Amino acid sequence: MDKNQMMTSVSEQMPLRRWIHTQGVMSTSRKLAEKYGEDPERAELAAIIHDVAKYWPIEQQRQYIIDHQLDNELLQYNKELWHAEIGYHVAWAQYGVEDAGIRDAIRYHTSGRAGMSTIEKIVWLADYIEPNRDFPGVEEARRLADQSLEEAVLFGLNATIILLVEKQRIIYPGTLAARNDLIHIMNL
Ligand code: DGI
Ligand code: FE
Ligand code: FE
C-alpha cells in the first residue's frame with residue numbers, strides 16, 4: 001500500500017482532531033529525523049500509523065491483542081498502552097510494512113522501552129511535542145528536543161511517570177525501564 005492510501009485508511013479510523021495530531025507527529029518526526037541522522041521517510045511512516053488503533057472500541061483492542069497473540073501482559077496495564085501494540089501488528093498485517101525498526105517505533109511509541117533505537121526515540125518525542133500539543137512543560141520539552149534527543153525523551157518520560165503517580169495509576173514496568181536506561185546511558 002502506498003503512503004497516500006495509508007494516510008486515507010488511518011484518517012478514516014479516527015476523529016479529525018486525532019488526524020491533525022497525527023499530521024503534527026509526521027512533520028515533527030521528519031524534522032527530528034533530519035536533525036538526529038535518521039531517515040525522514042521511515043520516521044514519517046511510523047508517525048502515520050502510530051495511533052491507527054487509538055479510537056478502536058476498547059473491547060476490540062483487547063480482542064485484537066488476544067487473537068493475534070500479541071503481548072497480552074499489556075492487558076494487565078493501562079488501556080492507553082494497547083493501541084501501540086495493535087499499531088505494530090496492523091502496520092504489517094494491513095499496510096504491509098516489513099521494516100522492523102518502523103514497526104518497533106509504533107510499538108513503543110507510548111510505553112517506551114529500555115534500549116530505544118533512534119527512530120523509536122524520535123517518534124516517542126514527536127508524539128509528545130508535536131505543534132498541536134498544549135500542556136505544562138511542552139515548551140521545555142521542545143527546547144530540550146533542540147539540544148538532545150535523550151534529554152528530551154527523559155524529560156517526557158519523567159513527566160509522564162510523575163503524572164501517573166499523582167493520579168494514583170499503575171505504571172507499566174517498560175516505561176520505568178526506558179527511563180532508567182536513559183539515565184544509565186546518559187551517565188547522569
Ligand atoms: O496516543 P497519544 O495520546 O497520542 O499518546 P500516547 O500513545 O503516548 O499515550 C500517552 C498516554 O498514555 C499518556 O497520557 C499517559 C498514558 N499512559 C497510561 N499508562 C502509561 C502511559 N504512558 C506510559 N508511558 N506508561 C504507562 O504505563
Ligand atoms: Fe498513541
Ligand atoms: Fe499520538
Side-chain angles (χ1 to χ4, degrees), residues 6-7 10-11 13-32 43-58 60-62 64-65 70-91 95 102-116 119-138 141-142 145 149-150 152-183:
M6 272 184 226
M7 286 170 65
V10 169
S11 66
Q13 298 178 60
M14 53 184 59
L16 182 60
R17 71 172 192 286
R18 176 65 42 173
W19 177 240
I20 291 169
H21 157 73
T22 297
Q23 289 175 302
V25 181
M26 287 164 60
S27 60
T28 304
S29 292
R30 288 195 75 97
K31 282 182 204 150
L32 290 172
E44 185 187 60
L45 189 53
I48 291 170
I49 303 171
H50 84 286
D51 275 343
V52 64
K54 179 96 180 172
Y55 286 85
W56 291 14
I58 204 66
Q60 190 182 330
Q61 292 189 35
R62 185 199 306 278
Y64 193 97
I65 288 173
L70 300 177
D71 181 3
N72 62 20
E73 213 184 270
L74 286 167
L75 301 176
Q76 310 297 323
Y77 295 94
N78 295 321
K79 296 176 176 62
E80 293 104 306
L81 297 161
W82 302 354
H83 72 285
E85 181 74 3
I86 295 165
Y88 154 80
H89 190 270
V90 164
Y95 301 136
I102 293 175
R103 295 179 61 219
D104 280 340
I106 299 167
R107 189 174 209 172
Y108 300 107
H109 89 263
T110 306
S111 63
R113 65 161 165 171
M116 289 171 85
I119 191 174
E120 288 170 35
K121 289 176 203 153
I122 284 170
V123 175
W124 197 96
L125 182 58
D127 193 26
Y128 196 70
I129 65 169
E130 62 89 8
N132 305 292
R133 293 288 201 204
D134 184 17
F135 55 83
V138 72
R142 289 181 183 130
L149 188 56
E150 281 74 28
V153 173
L154 178 58
F155 176 89
L157 284 168
N158 279 337
T160 301
I161 290 165
I162 288 167
L163 215 69
L164 289 167
V165 170
E166 282 174 353
K167 291 183 180 166
Q168 215 76 272
R169 301 193 63 201
I170 285 179
I171 299 169
Y172 181 61
T175 298
L176 297 171
R179 182 218 178 232
N180 291 343
D181 177 64
L182 281 173
I183 290 177

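All values derive from a computational prediction rather than experimental measurement. Whatever order the structure lists ligands and atoms in, that order sets their numbers, starting from 1.
Of the candidates His89, Glu120, Glu85, Arg107 forms a side-chain hydrogen bond (donor to acceptor under 3.5 Å, both in side chains) with just one, namely Glu85. Of the listed residues (Met6, Arg103, His109), just one forms a side chain to side chain contact (heavy atoms under 4.5 Å, CB included) with Ile49, and that residue is Met6.
A donor-acceptor pair is defined here as one N or O able to donate and one able to accept, closer than 3.5 Å; no such pair exists between the side chain of Glu44 and the backbone of Arg30. For the pair Arg133 (side chain) and Asp127 (backbone), a donor-acceptor distance under 3.5 Å is present. Between the side chain of Trp82 and the backbone N or O of Leu74, at least one donor-acceptor pair lies under 3.5 Å.
Scanning the protein heavy atoms around atom 18 (C) of ligand 1, the nearest turns out to be Asn78 ND2, 3.5 Å. Scanning the protein for heavy atoms near atom 20 (C) of ligand 1, the closest one is Leu164 CD1, 3.6 Å. Protein heavy atom closest to atom 15 (C) of ligand 1, with residue, atom name and distance, is Thr160 CG2, 4.0 Å. Nearest protein heavy-atom contact of atom 8 (O) of ligand 1 is Asp127 OD2, 3.1 Å. The closest protein non-hydrogen atom to atom 27 (O) of ligand 1 is Tyr172 N, 2.9 Å. From the protein, the heavy atom lying nearest to atom 1 (O) of ligand 1 is Lys54 NZ, 2.8 Å. Taking atom 9 (O) of ligand 1 as the reference point, the nearest protein heavy-atom neighbour is Thr110 CG2, 3.5 Å.
At a 3.5 angstrom cut-off on N or O pairs, His50 does not count as close to ligand 1. At under 3.5 Å, not a single nitrogen or oxygen of Glu80, backbone or side chain, sits near a nitrogen or oxygen of ligand 1. Considering backbone and side-chain atoms together, Arg169 places no N or O closer than 3.5 Å to any N or O of ligand 1. Backbone and side-chain nitrogen or oxygen atoms of Thr175 are examined, and one is located within less than 3.5 angstrom of a nitrogen or oxygen of ligand 1. The distance criterion of under 3.5 Å between nitrogen or oxygen atoms is met by His83 with respect to ligand 1.
Close contacts between ligand 1 and His109 involve ligand atoms 7 (O), 8 (O) [criterion: under 4.0 Å to a heavy atom]. Applying the 4.0 Å criterion to heavy atoms of His21 picks out, from ligand 1, the atoms 4 (O).
The side-chain hydrogen bond (donor to acceptor under 3.5 Å, both in side chains) test applied to Tyr128 returns no partner, not counting sequence neighbours. Residues meeting the side-chain hydrogen bond (donor to acceptor under 3.5 Å, both in side chains) test with Asn132, sequence neighbours left out: Glu130.
For the pair Tyr172/Thr110, no side-chain contact is recorded, criterion being any heavy-atom separation below 4.5 Å from C-beta on. Side-chain contact check for Tyr108 versus Val123: every heavy-atom pair is 4.5 Å or farther apart. Side chains of Ile65 and Ile86 form a contact here, defined as non-hydrogen atoms less than 4.5 Å apart.
Using a 4.0 Å heavy-atom cutoff, Arg18 is listed among the residues neighbouring ligand 1. Remark: distances from the non-hydrogen atoms of Arg133 to ligand 1 include one below 4.0 Å.
For the atom pair CD of Gln61 and CG of Leu75, the computed distance is 10.0 Å after rounding to the nearest 0.5 Å. The line from CD1 of Ile162 to CG of Leu157 is 11.0 Å long, rounded to the nearest 0.5 Å.
Ala152 and Ala141 make their closest contact through CB-O, 4.1 Å (heavy atoms, listed as atom of the first residue, atom of the second, distance). Scanning both residues, Ile106 and Tyr88, for their nearest heavy atoms gives CG2-N, 3.5 Å.
Counting only residues at least two apart or in different chains, salt bridge (Lys or Arg N to Asp or Glu O under 4.0 Å) contacts with residues 164-173 comprise Glu80-Arg169.
Under 4.0 angstrom from ligand 1, the non-hydrogen atoms of Asp51 all belong to its side chain. In Ile161, neither the side chain nor the backbone holds a heavy atom less than 4.0 Å from any atom of ligand 1. Under 4.0 Å from ligand 1, the heavy atoms of Leu81 that appear belong solely to its side chain.
Distances from the Fe ion (ligand 2) under 2.8 Å pick out these protein N/O/S atoms: Asp51 OD1, His83 NE2, His109 NE2.
Inside a 4.0 Å radius of atom 13 (C) of ligand 1 there is not any protein heavy atom.
Asp181 has no carboxylate O lying under 4.0 Å from a charged side-chain N of Arg113, or vice versa, which leaves the two without a salt bridge.
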